[in-house]
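A short write-up of the structure that comes next.
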Amino acid sequence: MSSYRPQDIEQKWQKHWADTRAFEVTEDPSKPKFYCLEMFAYPSGHAHVGHVRNYMIGDIMARCMRMRGFNVLHPFGWDAFGLPAENAAIKNNLHPEKWTLDNIAHMKGQLQRLGISYAWERELATCMPDYYRWNQWLFTRMFDKGLAYRRRSNVNWCESCQTVLANEQVVDGGCWRCSTVVTLRELDQWCLRITAYADELLAAAEGLDQWPEKVLTMQKNWIGRSEGARVRFENIEVFTTRIDTIYGAMFVMLAPEHPLVEQFAEESDDRAAFLAKAARFRAQDKSGRMTGDVEKEGFDTGRKVMNPFTGETVPVWVANFVLGEYGTGAVMGVPGHDQRDFEFARKYDLPIRVVVQPDGHPLTAETMTEAHAADGVLVESGEWNGLPWPEANQKMTAEAASRGVGEGTVQYRLKDWGISRQRYWGTPIPIIHCPSCGMVPVPDADLPVVLPTVTEFTGRGDSPLAQIPEFVNVACPKCSGAARRETDTMDTFVDSSWYFYRFCDPHNDQLPFDPAKVAYWGPVDFYSGGVEHAILHLIYSRFFSRVFRDVGLVTIDEPFTRLLTQGMVLSHGAVMSKSKGNVVDPDDMIQSFGADALRLYVMFVAPPEKEVEWSDSGLEGAFRFLNRVWRVVIHLAKAARQEPAVAGLAFDDGERAMRRKTHVTIRRVTGDINPRVHLNTAVAALMELVNELYLFCEQRGVRPLGVDDEPAAVVERPETAFVLREAIEALVLMLSPFTPHMSEELWEYLGHTDGVVAAGWPACDDDVAREESIEIPVQVNGKVRGRITVAADANETDIEAAAIEAPSVLPYLDGKTIVKVIVAKGRLVSLVVK
RNA sequence: GCGAGAGUGGCGGAACUGGCAGACGCGCCGGACUUAGGAUCCGGUGGCCGGAAGGCCGUGGGGGUUCGACUCCCCCCUUUCGCACCA
C-alpha cells in the first residue's frame, strides 16, 4: 500500500456502488426509516461547489443514518422544465429537450464523481411525460374540486417581442431581451386556490418546530393574515382593520383598477381626462407603486358617498397607493389615524378629525404632524365615545353587521397561485375548450397530454403550442365536437411541489405514487436546500401535500419534518456565476485533491447554515488531513493486529486516556451529525482524535509514520495494539460519511470485506469515556487563581477542601474571610472572600 | 420604516444548560529529519508588561443582573437577510 491517491480509489468505489446498486432501498417495516432529501437541481449545465455543499450535507446525514441502522431513502432528480432551456433554444437553435438532457447527463456525472449515495434507480426528471402526466392528473382533480380555475388577470407583456414575460424577466421595468418598457395585459390565467388553505398553512406552521424560525416568519408574512371588517359606504365596500376610526373617515379612496372608476368616468364631465389620470396611475411602475417609492397622488371623482356610521357624505377619490388586488380595492381615508391618509389629506387639503385620543397629551387636527395609529380612547364618535381601541373595534364590527352595512372578515396577503405560462417548455394544462361543453378536463385515460415536438423557437408571439394545429385541434371528450386544447403550460413550481412523494414510487404508471409507499417513507425527515426557496417552493409544497391528502393519497399534512437552509458558497465575495467568472468547478478540485477532500472541506469550513467564502488553502488543509489519516491507518493496520476483544487486557494510564479520547470522540461526532447537524465541529473532533493518535504513537515509539513504505514494527504489547486498533477503526468508520471512498478503501485494508455500512456506526462506551480525574479551575472573587485535580466522582466537600488548600490559591486567601463557596460539580470552584 | 439573525485572534470558525474564551483548520514563527524541502513530524502563535514565574487587559460600544456573562436583561452602533403604501 502506498501513498494516498484519491483518483484511483474514488473511481473504484464509485463503480462498486453503482454495480451493487448500493443505495437502492425497499420498504422494510422492521427498520426505522429515514427519508433524506436535498432540493433537486435545475439542470443549468454545471454544478458548482455551492451545489456540492448542499448535496454533501444530505449525504453526510444519509450515510451516517444508514450506518446507524436506518432504512435510508436518499434520491435525486431534476427540476427539468423551465425558461432557460427555452431561451437556450431560441439563442442556439437547440431543442429544449436536448439542451436539458445533455445538461442532466453532465451534471449527473459531476455528482457521481462526488460519490454521493443516491438511489439513482429513482432518478426522475420533471420534463418526462411519465412525471408531468401526474401534474396533469392532479390538476384535473383540482379542477373538479374547484381548486383550479381560470381568471382574467394582468400579466407582463412586451410589445416588441409580442410575448408574455415572467416577473423574473422584467428587468428595471423593461423586457430582459430588448429593454422595451413592459406593459400589463389582461389575459385569462389558470390559478390554483391556495388561499383555500391559507388558514391551515398558517396554523400548521406553528407545529414545524424543526424548521428555522426565519423561514416560518417569512411564510407567516407571506400569508399575511389580517383581521378586520368590510364596510359599505353605499355602493363602495372598503376593507379596514380599524373600524373604530370610522368617525374619522373623511373620504373614500379607490384603487385605479377599481371597477367603479370606469363607471364614474362615464358619468363625469370629461371622461377622457378622468380615464387618462387613472391610466397614468395604473401605468406607474408596479414595483414603485407597491413599495411606496412613488409619491402619493389622487384625484377627486366628484362623487360623494355616505359614511354608514356618521351619516355624513364624504368625497370619493382615486388614489395611486390603493392596491386593486388587496381587500376590496377601496379604503376609507382616516387621516387622523393612518399615516398614508394623513399625508394624502395634507397634500390635497382634506379635513382631518381626531377620533382616538391617546393618554396624556390630547391631539388636535391642526397641530398634529403625523397620524396617531396607536391605541387610545374614542372621541367624537357618538355613542362609542370613551371606549378603548380593541373593544371599540369588536363592538363596532358587530354593529356594522347588525345594521347590514358590513361584517367582520379576514384578509390575506397571499393570493391564489397563477400557474399559466404562455411558454413551451412546461407541463401542458390538460383542459379542452369546447364551444358547447365549456372547459372539459382531459380524461385520465388520455393522459398524459404529451408536449408536442416543436422545431422552431423564436420567443415571439403567443404560446408556442398555440401555433401547432395538430396539438390544438381536438375532439371534445364529452360531446366529440370540434374543440381546442388549452395551450398554456404550468409554472415549474408545480413540478417541484410534489416530487418528494414521487421519489417514494417513481415508476408507478397507475397513480402518482402508491399511498402505502408514501405512508412508509413520508414525511421527508431531513430536507436541505437554499433559503431562496423559503417561501414559494416550500409553501407550494405544503399546499400540494394537503391537496394530495384531500384526494386521499397521503395521510400526513406536512411534507418536511426538518428543514435546513444551507448557506451559499461565495467566491471573491460574490455568488458564483458564469457571468462573474468566479465559478469554482468541483471537477477541478476533484482532479487536484479528490472528492473526499472536497467533501470534507466544504463540511469543515463553517456550519451548514452559514454563508462561506471559498478557500483553496482550506481545501489543501483538508487534503493534508486525509493524508495524515491515510498514513496512520496504513501503518497501524499492520502494526496493531489486535482484534477488538477487551477481556483480560490491563491498560495503563496512557492507553486508558487514548481509549477515552476515542470514545468521547464517538459521542461528540454522533451527536454533532444528528441531531445537531454541526458538521464542522464533527470534523474538528475527528481531527482532534487524529492529533491525539499521532501523539500517542510518538510516545509509544510506534513509528514510522512517514510517507515511505517502510514496514511498521509490530506492536507487541496487546493493550497498546488494541487501543490503536480501536481508535483507527472508529476513525475510519466515523469519517466514512464525509470521505466515503477513502474510508471504504481503508476499511477493506483493515481486513473487513463487507463495507462500512455493514460494520455499523461505532458505539460510545460511557464507562470508557468517563474521566477518571478532572482538572478544575478555582476562582477567587471571579478570577481564576489556580487549578486542582480531583477524582471525577469527588463530592463537593472534598472538592472544596482541595480548592482551599491549592498552593496557588492560598496567597489570595491570606488574611481574608471566605464568605461563600460555590462548587459547580465537574466544572469549577468559586470562592468569594472579603 | 417593520421583523429576524449576526458582530469573538491576521483569517474561517469553536464554546451544547450562565462555569477554564479562542477547540479545529488556514496563515505565520521556530525546531527535527534532510543534498534539498513548497513533503513529513514536533513545538509556538489574542494584546500589553516581564528574562522567567507571573500579572493586567480582552468576545462591536455603554450600562445592569450574578460568586461568575461570548451566553441573560436594557440602551446604542455596525452589518446581513426578509418584508415593505396590504388599509
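In the text below, chain A, chain B and the rest are named by the order of the sequence lines, each starting its count at 1.
- When the P atom is compared between B:A32 and B:G58, the two are found 39 Å apart, to the nearest whole Å.
- A:G621 comes within 4.0 angstrom of sugar-phosphate atoms only, judged by non-hydrogen atoms across all strands, and of no base.
- Taking 4.0 Å as the cut-off between side-chain N and carboxylate O, A:R667 and A:D766 count as a salt-bridged pair.
- Remark on RNA chain B: of its neighbouring residues A:E620 and A:R628, the 5'-side contact belongs to A:E620, judged by nearest-heavy-atom nucleotide.
- Between B:G27 and A:R624, a contact under 4.0 Å exists linking OP1 or OP2 to a side-chain N or O.
- The A:A684 side chain lies nearest to B:A23 when the options are B:G25, B:C20, B:A23.
- A distance of about 11 Å separates the C1' atoms of B:U59 and B:G46, rounded to the whole Å.
- The phosphate of B:C83 (OP1 or OP2) has no side-chain N or O of A:T217 nearer than 4.0 angstrom.
- Here A:Y326 reaches the OP1 or OP2 of B:A87: one of its side-chain N or O atoms lies under 4.0 Å away.
- We find that A:E234 and A:R232 are not joined by a salt bridge, their nearest charged nitrogen and carboxylate oxygen being 4.0 Å or further apart.
- Between A:R668 and A:E688 there is a salt bridge, with a side-chain nitrogen of the basic residue lying less than 4.0 Å from a carboxylate oxygen of the acidic one.
- Between A:E237 and A:R230 there is a salt bridge, with a side-chain nitrogen of the basic residue lying less than 4.0 Å from a carboxylate oxygen of the acidic one.
- Using a 4.0 Å heavy-atom criterion, one finds that A:Y4 contacts no nucleic acid atom at all.
- Spacing of C1' atoms, B:C11 relative to B:C74, comes out at 34 Å, to the nearest Å.
- Residue A:Y812 has its side chain nearest to B:G55 when only B:G25, B:G55, B:G27 are considered.
- Residue contacts for A:L695: at a heavy-atom cut-off of 4.0 Å it reaches the sugar-phosphate backbone alone, with no base atom in range.
- Distance from the side chain of A:M687 is smallest to B:C24 among B:C24, B:G43, B:A87.
- Between A:R631 and B:C41, a side-chain N or O to OP1/OP2 separation shorter than 4.0 Å is present.
- B:C56 and B:A6 have their P atoms separated by 32 Å, with the value rounded to a whole Å.
- You'll find that the side chain of A:F239 is closest to B:A87, out of B:C20, B:A87, B:G19.
- Of the listed nucleotides (B:C42, B:G19, B:A84), B:G19 has the atom at the smallest distance from the side chain of A:I822.
- Phosphate contact (OP1/OP2 of B:C81, side-chain N/O of A:K214, threshold under 4.0 Å): absent.
- Using a 4.0 Å cut-off between charged nitrogen and carboxylate oxygen, A:K214 and A:E609 do not count as a salt-bridge pair.
- Using a 4.0 Å heavy-atom criterion, one finds that A:E775 contacts the bases of the nucleic acid, with or without backbone contacts as well.
- The partner of B:C16 cannot be assigned: no Watson-Crick or G-U wobble pair with both contacts below 3.5 Å exists in any strand.
- Using a 4.0 Å heavy-atom criterion, one finds that A:E688 contacts the sugar-phosphate atoms exclusively.
- Remark: A:R628 qualifies as a cation-pi partner of A:Y694 under the 6.0 Å distance and 45° angle criteria applied to the six-membered ring.
- Side chain of A:N680, nearest nucleotide from B:C41, B:G12, B:G13: B:G13.
- Across all strands shown, B:A6 forms a Watson-Crick or G-U wobble pair, both distances under 3.5 Å, with B:U78.
- When heavy atoms are screened at a 4.0 angstrom cut-off, A:R667 is found touching no nucleic acid atom at all.
- Tested against A:W317, the residues A:F299, A:Y348, A:F251 include a single ring pair (Phe, Tyr, Trp, His ring centres under 6.0 Å) partner, A:Y348.
- Here the side chain of A:N691 is nearest to one of B:C24, B:C26, B:G19, namely B:C24.
- With its glycosidic angle more than 90° from 0, B:G46 is assigned anti.
- Each of A:V331 and A:V605 was matched to the nucleotide of RNA chain B holding its nearest heavy atom; the match closer to the 5' end belongs to A:V605.
- At least one side-chain nitrogen or oxygen of A:K783 sits closer than 4.0 Å to the OP1 or OP2 atom of B:C57.
- Nearest nucleotide to the A:I535 side chain, out of B:C83, B:G55, B:C20: B:C83.
- When the side-chain nitrogen and oxygen atoms of A:K820 are compared with OP1 and OP2 of B:C67, one or more of them lie within a distance under 4.0 Å.
- In this structure, A:R827 does not reach the B:G68 phosphate: none of its side-chain N or O atoms is under 4.0 Å from OP1 or OP2.
- Here B:C67 is the nucleotide among B:C41, B:C67, B:A87 with the atom lying nearest to any side-chain atom of A:S830.
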